[in-house]
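Letters A, B, ... mirror the listed sequences (proteins, then strands); counts begin at 1.
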Amino acid sequence: MTTDMLGKSVKRVEDRRLITGGGRYVDDIKLQSMAYCAILRSPYAHANIRSIDTSAAKAMPGVLDVMVGTDIPYNPLPLAWPAGGSAGLQNNVNTPRALATDSVKWTGEGVAAVIAETPEQAFDALEAIVVDYEPLPTVVDAEKATQPGAPQLHENAPNNIVFDWTVGDKAGTDAAVDAAEVVVRQRIVNQRLIPNPMETRGDIGLYNPGTDEYTIWMSSQTPHIQRILLAIFVMGIPEHKLRCISPDVGGAFGTKIFCYADYVVVLHASKRLGGRAVKWIESRRENYQSTIHGRDHITYLEIAGSKQGEISAVRVKTYANLGGRLSTIGPGIPTTLYARVLSGCYKIPNVFAEVIGVYTNTVFVDAYRGAGRPEATYVIERAMDLFANEIGMDPAELRRRNFIAPDKFPYENPSGLGTASGGAKIYIDSGNYEPAMDKALAMAGYAGMDKAKAEARRRGKYLGVGLSTYIEVCGVAPSKWIGAVGEGWGAAMWESANIKVHLTGKVVVTMGTQPQGQGHETTYAQVIGHELGIPMEDIVVQHSDTQGTPMGYGSYGSRTSSVGSTAAIRAAAKIREKARRYAAHMLEASVEDIEVDGAEYRVKGSPDKKKTFQEIAFALDLAFDAPEGMEPYLDETAYYDTPNCTWPFGTHVAIVEVDEATGHVDLVKYVAVDDVGNKINPMIVDGQLHGGIAQGVGQALWEGAVYGDDGQLLSGSMLDYAMPRAAWFPHLELDETVTPSPVNPIGVKGVGEAGAIASTAAVANAVNDALKPFGIRHLDMPLTSQAVWKAMQSSKGAQA
Amino acid sequence: MAAHLSVTVNGTVREADVEPRRLLVQLIREDFDLTGTHVGCDTSQCGACTVHVDGKAVKSCTMLAVQADGSDVTTIEGMASAEGLHPLQTAFWEHHGLQCGFCTPGMIMTAAALLASNPDPTDDEIRHAIAGNFCRCTGYQNIVIAIRAAAAAMRAGSTAGAAS
Ligand code: FES
Ligand code: FES
C-alpha cells in the first residue's frame with residue numbers, strides 16, 4: 001500500500017539540485033555564440049531626449065550592435081488592467097516602450113542597448129553613448145503631483161491623474177460618518193518598497209531565422225501570459241512562433257509577473273544579429289530602477305462608530321503612486337485589490353473609498369507580495385487601533401465586537417466585492433475569526449501586558465503590543481470576475497494540468513503554473529499521488545515552458561494551491577475514470593462494478609479480480625487489446641476555473657521594546673495564528689509564513705525606497721536599502737486554526753502572501769502602542785531608530 | 001592584458017587567462033562553469049557569492065580572480081563527497097532551509113565556515129554569522145534551525161568518528 005503523502009511535511013523534491021549548486025537560473029544558461037546586452041539608463045528622472053549619438057559606441061571593441069528606441073518597431077508594452085469603475089475606463093494609458101524614444105519619466109528608464117561579444121565590452125560601450133537630454137522639472141510624491149503647478153508628465157493625464165476611482169456607497173457612508181458619536185481621522189503613509197528577490201531579472205532572446213521562431217528564457221512567474229502579451233500586443237508575431245521558458249526562478253514576490261521592456265530588447269536584438277542568442281542580466285542597482293516597486297500609498301482615513309465600539313463607517317481617500325509609466329497591472333492593485341477589501345474581517349456597514357492613481361517621476365509600481373491587500377490591511381488594522389485608543393477600549397475587544405460572525409458566511413462586504421461588474425459574485429467563503437485571535441492572544445501572554453510594560457520601563461524600555469487580525473483574498477480568481485475589463489485584467493484566470501501515465505506507470509505532470517521557490521514539484525506530486533494512489537517518487541512535475549505545458553496563468557495571488565491543485569485533481573479524476581473503464585475491459589466486468597482503492601481497481605464482491613494502476617497503464621499504453629472506441633494511452637488534461645476566491649485569515653501579535661535612549665525598536669516576540677484551511681504540506685506552509693512575515697516586518701521597521709525631490713533614487717543599491725538580516729528577527733511562533741475552504745475539493749486556501757499582509761500592521765501597531773506614553777498617536781513607517789527617536793524627542797519637547 | 005592564473009577548485013587544479021578586472025565569482029561561474037555560486041548584488045551585500053578561499057568564507061564578488069591565484073577554492077559543488085551530502089546540505093533539505101534556493105549555496109558556505117570555528121553555536125551566534133547573507137524567502141527561521149541541526153549532526157559524527 002502506498003503511503004498517502006497529502007497533508008504531510010514531505011521533504012522537497014526540488015531541493016537536491018538547489019543545495020548542491022545544480023539549480024539552473026537564467027544567468028546559469030549559456031548558449032552557443034551567445035552575445036551580451038547592456039542597457040543604458042537615464043540619469044534624469046524627467047527629460048526630453050533631443051538626440052542620441054551611438055557612433056563611438058558602435059566602434060568599440062566587441063560591439064555587435066547598438067539599438068535606440070526608434071530601432072525597435074513594436075508597440076509600447078501593454079496595460080492589461082486599466083482602472084474602470086464609476087468614472088469609466090481610464091483612457092490615458094502611458095506604458096514604457098522597449099527603449100524610450102522621445103522622453104524619459106524616471107531615473108533608470110532604458111534609452112539604448114549595446115550588444116557585444118562579452119558583458120564587459122557591452123558595459124564599456126555604454127559609456128561611449130552620448131545622449132542629449134533636456135532636463136524637465138520632477139515630482140515624486142503622489143499627492144503633490146496632483147496639486148496645481150506640479151510638473152506634468154503626460155499630456156493625456158492632466159494633473160498627473162491616471163484615474164480617480166471610487167467604490168462603495170458615498171451617500172450612506174457620508175451620512176454614517178456625520179451621525180457617528182466618534183470619528184477618528186488620520187493621514188497614513190504606506191511607504192514605497194523595493195521587492196528584492198535575491199535573483200534579479202534576466203533574459204536570453206533567441207531568434208531562429210530558419211523557422212522564424214523566437215525563444216526567450218526569462219525569470220518570470222507567467223511565461224504563458226508573456227507569450228500572449230509579447231506576441232500579440234507588443235511584437236505582432238504569431239503566438240505559436242514565440243516560446244517562453246522560465247527556468248528556476250530565484251524568488252519573485254510579484255515582480256516577475258509583468259511584461260518588461262528588456263524582453264523585447266533581447267528578442268529584437270537576436271533577430272537583428274541574424275539569430276545569435278542575446279543575454280541580458282539585470283544588476284542589482286538596475287533591478288532597483290527597472291523592476292517594479294511596491295506599495296506607495298498616501299491615505300486619508302476616517303473611521304466612525306459609537307463609544308461602545310460599534311464601527312459604523314470607514315471612509316478613505318488614497319493617493320496611489322503608479323510611477324512614470326504604467327506597469328502591466330499597476331492600476332488594478334490600488335483599486336480592486338485594495339479598496340474592495342478595506343473592511344477586512346469586520347462587519348462595517350458603510351465603506352467608501354476614493355483612489356487617485358498618479359503618475360510621478362519614479363519607477364512604476366505594481367504587485368508586490370500581497371498587492372493591495374497589505375495596504376488595505378495596514379489601513380484598517382491601524383484604524384482599529386486608533387479607534388480603540390480614542391474610546392479607551394482594548395484593541396482586541398474592539399476587534400471582537402466587530403468581527404463578521406461565523407454564521408454569516410458566505411459574506412458580501414460593502415466595498416463592492418459581491419457586486420463586481422459583469423454580475424459575478426465574489427464573497428468571503430468562510431471564516432471563524434475569534435478562535436484564531438484568542439489562541440494568538442494566549443500565546444502572546446496578552447493578559448499580562450501591563451505587567452510586562454511596567455517591567456520594561458524599569459529597564460529603560462517602552463514595551464508595546466500590536467495585533468493584526470487580517471483576511472486575504474487568495475486563489476484568484478473566477479475568470480468572469482477578474483476578466484471583466486476595468487474590474488480585473490480583461491483575461492481569464494483558470495488553471496490547467498496535464499497528466500501522462502507512461503508504460504511503466506510512471507507519471508509526468510505538466511502544469512500551467514510557475515513556481516518561484518514554493519515547491520510545486522513537491523506539492524503537486526503529493527496531491528496527484530493521493531489522487532492516483534501512487535508513490536510521489538513515480539511522479540515528476542514539470543512547468544515553466546510554453547512548449548510542453550498546457551496554457552496557464554502562472555503563480556501569484558496565492559492561487560496555485562487552490563486553483564492549480566484543483567486542475568490537477570480534475571486531470572487525475574479523468575485518468576482514474578479511463579483506467580477504470582479499461583480495468584473493466586481487462587477484468588471482463590461492467591464499469592459500474594469496478595471499485596477503485598488507491599492504485600487498485602477491483603471487481604466489487606470478488607476482491608481477487610483486480611488490476612493495479614501500473615498494469616492498466618501498461619496494457620492501455622500498448623493498446624494491443626483496447627476495446628472498440630477507446631483511445632490508447634492515459635493522457636488527460638483538465639482546465640479549471642474557480643467559482644470563488646479563498647479567504648485565509650488569522651491573528652498576528654507583535655511585541656516590541658523601544659529603547660528610550662536610542663529609539664531602537666527590538667522585535668522581541670512574534671506570534672502568528674493563521675487559518676489557511678487544509679494544508680498540502682505543513683512544512684512548506686510554515687516556510688511561506690516565515691518569509692512573508694519577515695518581509696512585512698521589514699516594511700514596518702526598516703525598508704523604504706527613498707527618492708530625492710529631483711527623482712534620484714537615494715536608496716539605489718543594496719548598501720542603501722535596508723534588507724532585513726537574520727540577526728534582526730526573533731524566533732517566530734506559529735500556530736493554526738483550520739477552517740477548510742468550501743471552494744476547492746481539498747479545502748486549501750493559499751498562503752503565499754498571508755504573512756506579508758498581516759505582519760506589517762501588527763508590528764506598526766506594537767510600536768505605536770509603545771509610544772503611547774509619549775502622546776504619539778501615529779507614526780509612519782519605516783519605524784527606524786531615527787524616526788522613533790525623533791518622534792520621542794519632539795514629543796518630549798512639546799510636553800516640556 | 002590577460003593574466004594567467006591557476007587555482008585549485010574543489011580539489012582540481014584549474015587554469016585560466018583573465019582580464020585583470022575579472023572577479024573571482026566570474027572566474028568561477030564563467031570560466032569554470034560552476035554556476036552554483038550566485039550573484040545577487042553589485043555592492044558586496046548579499047552573500048549569494050560566498051565560497052571558501054583557503055578555508056575562509058569569502059564573498060567571491062569582492063575578490064579579483066588574480067588575487068585567488070595559487071589558492072584553494074571550495075564552492076557549493078565541492079561540498080558533497082563520495083559518502084553523500086554535506087551535513088549542512090542534508091540539514092537544509094530536512095528542515096526546509098531553502099525556498100527559491102538562490103541564497104542557499106552562499107548560506108551553506110558561510111555556515112560551514114562558522115561551524116569550522118564554532119561547532120556548537122547558539123541561535124544568536126548563527127544569526128550574527130549569517131548577517132552578511134540575505135535571504136528574501138525564508139525569513140531565516142528554518143536556515144537557523146538547519147544550521148543548528150547540522151552542527152549537532154557534525155558533532156555527533158565527529159564523536160562517533162573518534163570513538164571508532
Ligand atoms: S554578489 Fe557577492 S555579496 Fe552579493
Ligand atoms: S531561499 Fe530564496 S533567497 Fe533564500
Side-chain angles (χ1 to χ4, degrees), chain A residues 9 11-12 14-25 27-30 119-120 195-200 248-253 281 283-286 515-519 683-684 686-695 697 717-720 723-729 731-732 755, chain B residues 19 21-22 26 29-30 33-46 48 75-80 85-86 88-90 92-106 108 123-124 126-145:
Chain A
S9 290
K11 284 201 303 180
R12 300 198 320 169
E14 38 280 90
D15 285 3
R16 177 177 282 280
R17 67 174 186 270
L18 301 177
I19 54 179
T20 52
R24 198 167 158 81
Y25 305 87
D27 196 19
D28 301 338
I29 297 170
K30 259 190 197 173
E120 291 79 10
N196 275 301
M198 287 314 302
E199 183 207 22
T200 59
D248 281 329
V249 175
F253 314 113
I281 297 296
S283 72
R284 179 59 62 183
R285 267 179 287 198
E286 267 186 301
Q516 318 114 46
Q518 299 94 328
M683 174 190 83
I684 288 178
D686 284 356
Q688 287 294 317
L689 287 166
H690 295 154
I693 290 168
Q695 277 174 313
V697 173
S717 81
M718 259 188 183
L719 261 175
D720 311 292
M723 277 284 285
R725 295 172 192 265
W728 300 351
F729 293 98
H731 186 86
L732 311 170
Chain B
E19 273 192 80
R21 65 174 159 176
R22 200 152 192 75
Q26 295 169 318
R29 288 181 53 83
E30 307 298 332
D33 283 330
L34 293 168
T35 55
T37 301
H38 298 148
V39 176
C41 74
D42 42 15
T43 50
S44 298
Q45 300 297 301
C46 76
T75 70
I76 187 69
E77 289 90 346
M79 290 300 275
L85 296 173
H86 186 280
L88 273 162
Q89 292 172 315
T90 308
F92 269 66
W93 195 355
E94 193 75 42
H95 297 280
H96 192 30
L98 62 148
Q99 290 179 27
C100 78
F102 198 80
C103 71
T104 311
I108 288 178
D123 278 11
D124 211 40
I126 294 171
R127 285 181 181 271
H128 280 93
I130 60 169
N133 289 71
F134 291 153
C135 174
R136 194 56 151 173
C137 297
T138 65
Y140 302 103
Q141 182 135 324
N142 287 345
I143 292 177
V144 174
I145 292 171

Is chain A contacted by the side chain of E30(B), its backbone, both, or neither, given a heavy-atom distance below 4.5 Å?
both
Heavy-atom distance under 4.5 Å to chain B: side chain of N196(A), backbone, both or neither?
both
I'd like to know whether H690(A) forms a side chain to side chain contact (heavy atoms under 4.5 Å, CB included) with Q99(B), so could you lay out the CA-CA distance, the side-chain angles of the two residues, the decisive distance to 0.1 Å, and finally the verdict.
CA-CA 11 Å; H690(A) 295 154; Q99(B) 290 179 27; 5.6 Å; no
Under 4.5 Å from any heavy atom of chain B - which part of I693(A)
neither
Part of Q516(A) lying under 4.5 Å from any heavy atom of chain B:
backbone
Donor-acceptor pair, side chain of R284(A) and main chain of G40(B), under 3.5 angstrom:
yes
Out of curiosity, R725(A) CZ to I130(B) CD1, how far, rounded to the nearest 0.5 Å?
11.5 Å
Proximal component of P195(A), with respect to chain B [non-hydrogen, under 4.5 Å]:
backbone
Where does L85(B) contact chain A at under 4.5 Å (heavy atoms): side chain, backbone, both or neither?
side chain
Decide side chain to side chain contact (heavy atoms under 4.5 Å, CB included) for I145(B) and H731(A); before the verdict, give the C-alpha distance in whole Å, the side-chain angles of both, and the deciding distance to 0.1 Å.
CA-CA 10 Å; I145(B) 292 171; H731(A) 186 86; 4.0 Å; yes
Look up atom CE in M723(A) and atom CZ in R136(B), then write down how far apart they are to the nearest 0.5 Å.
4.5 Å
Could you tell me whether R17(A) atom CZ has more than 12 heavy atoms of other residues or ligands within 6.0 Å of it?
yes
Name the region of D27(A), side chain, backbone, both or neither, that has any atom closer than 4.5 Å to a heavy atom of chain B.
both
Please walk me through it: do T20(A) and Q89(B) pass side chain to side chain contact (heavy atoms under 4.5 Å, CB included)?
CA-CA 7 Å; T20(A) 52; Q89(B) 292 172 315; 4.0 Å; yes
Could you measure the distance from the OG1 atom of T104(B) to the CE atom of M198(A)? Nearest 0.5 Å is fine.
10.5 Å
Nearest heavy-atom contact between G139(B) and A694(A) is CA-CB, 3.5 Å
Look up atom CD in E94(B) and atom CE in M683(A), then write down how far apart they are to the nearest 0.5 Å.
9.0 Å
List the steps, then state whether side chain to side chain contact (heavy atoms under 4.5 Å, CB included) holds for D28(A) with R29(B).
CA-CA 8 Å; D28(A) 301 338; R29(B) 288 181 53 83; 2.8 Å; yes
To check you understand the geometry: which heavy-atom pair defines the closest contact between V249(A) and C100(B), and what is its length?
O-CB, 3.6 Å
If you count heavy-atom pairs under 4.5 Å with chain A, which of H38(B), R21(B), E19(B) comes out on top?
R21(B)
Supply the atom-to-atom distance Q45(B) CD to D720(A) CG, rounded to the nearest 0.5 angstrom.
8.5 Å
Counting heavy-atom pairs under 4.5 Å to chain A, which of C135(B), C103(B), C137(B), P105(B) comes out on top?
C137(B)
Answer with side chain, backbone, both or neither: which region of E14(A) has an atom nearer than 4.5 Å to a non-hydrogen atom of chain B?
neither
So, the part of N133(B) with a heavy atom under 4.5 Å from chain A: the answer is neither
Measuring heavy-atom distances to chain B, does I684(A) have an atom under 4.5 Å in its side chain, in its backbone, in both, or in neither?
both
Nearest 0.5 Å please: distance from the CG atom of L18(A) over to the CG atom of L98(B).
6.0 Å
Looking at chain A, which one of D42(B), I76(B), V39(B) has the largest number of heavy-atom pairs inside 4.5 Å, strictly under?
D42(B)
So Y140(B) and F729(A), would you call those rings parallel, tilted or perpendicular, with 30° and 60° as cut-offs?
tilted
Considering only heavy atoms, which portion of R24(A) lies under 4.5 Å from any heavy atom of chain B: side chain, backbone, both, or neither?
neither
For L732(A) and Q141(B), work out which heavy atoms get closest and say how close.
N-OE1, 2.7 Å
Contacting region of L34(B) [heavy-atom separation from chain A under 4.5 Å]:
neither
